[in-house]
Amino acid sequence: MRRLTLWIVSTIAAVVLLLSYRTSLGGPAPSAAAGAAAPGIVPAPAPSGGSAPPARRARTVTANGTVARTRWGPVQVQVTITGGRITEVRALRHPTGNDRDDEINGYALPRLRAEVLQAQSAHIDAVSGATVTSGGYAESLQAALDAAHFG
């Protein structure tokens, strides 16, 4: 009888501990106020005096992609297109919160940026060791390119 009681109490304790464990996927979904930029075209700053006439300037469009919800956290990309070419890409959001995320994204995000600038599209190779983040990056990038009517 004593073994049975000990087994039941141990099982209940293990279940309670298991269910109370917080993972990176738990909790409420982040909102726009939690750091996400609104998807779509980013309004251009007001032109300053002394710049070239509008007819001579190459048209620049900046667009934010949607927030891609990945297994390790949200990914959001912003793209700038000037004169029909992708000239800048930056990650607005990426998985963070621990040293491993920071390590992975420290090498993956610059490689993904270089891939996009070379490919001039969202059809890029995933970075080894950052496959999930690479997928979210490409997904958000494609949404930004669609919003900018690129390609």
Inset, instruction - Drop me the distance from Leu141's CG to Asn64's CG, to the nearest 0.5 angstrom. - result: 11.5 Å

Inset, instruction - For Ala144 and Gly65, work out which heavy atoms get closest and say how close. - result: CB-N, 3.4 Å

Legend entry - From Val89, Val77, Val127, residue fulfilling side chain to side chain contact (heavy atoms under 4.5 Å, CB included) relative to Leu112: Val127

Let me have the donor-acceptor pairs involving side chains of residues 99-111, under 3.5 Å, with sequence neighbours excluded, atom names and distances please.
unit_1, atom_1, unit_2, atom_2, d
Arg100, NH1, Glu103, OE1, 3.4
Arg100, NH1, Glu103, OE2, 3.4
Asp101, OD2, Asn98, ND2, 3.4
Asn105, ND2, Pro95, O, 2.8
Asn105, ND2, Asp101, O, 3.0
Tyr107, OH, Ser128, O, 3.2
Arg111, NH1, Tyr107, O, 2.8

Inset, instruction - Can you measure from OG1 (Thr82) to CD (Glu88) and round to the nearest 0.5 angstrom? - result: 9.5 Å

Legend entry - Separation of Phe150 CZ from Arg85 CZ (nearest 0.5 Å): 7.5 Å

Inset, instruction - For Ala148 and Ile41, work out which heavy atoms get closest and say how close. - result: CA-CD1, 3.7 Å

Enumerate donor-acceptor pairs with a distance under 3.5 Å from any side-chain N or O in residues 117-126 to protein atoms, sequence neighbours excluded.
unit_1, atom_1, unit_2, atom_2, d
Gln120, OE1, Ile86, N, 2.6
Gln120, NE2, Ile86, O, 3.0
Gln120, NE2, Leu117, O, 2.8
Ser121, OG, His123, N, 3.1

Legend entry - Heavy-atom side-chain contact between Leu145 and Ile81 under 4.5 Å: yes

Inset, instruction - Keeping the roles fixed (side chain from Thr66, backbone from Ser140), state whether a donor-acceptor pair exists under 3.5 Å. - result: no

Legend entry - Atom pair CD1 (Ile12) and CH2 (Trp7), whose distance is rounded to the nearest 0.5 Å: 9.0 Å

Legend entry - Between CZ on residue Arg69 and CD on residue Glu139, distance to nearest 0.5 Å: 10.5 Å

Inset, instruction - Please confirm whether the backbone N or O of Thr80 pairs with a side-chain atom of Thr87, one donor and one acceptor, at under 3.5 Å? - result: yes

Inset, instruction - Quick one: closest heavy-atom pair of Gln76 and Ala38, and the distance? - result: NE2-C, 4.5 Å

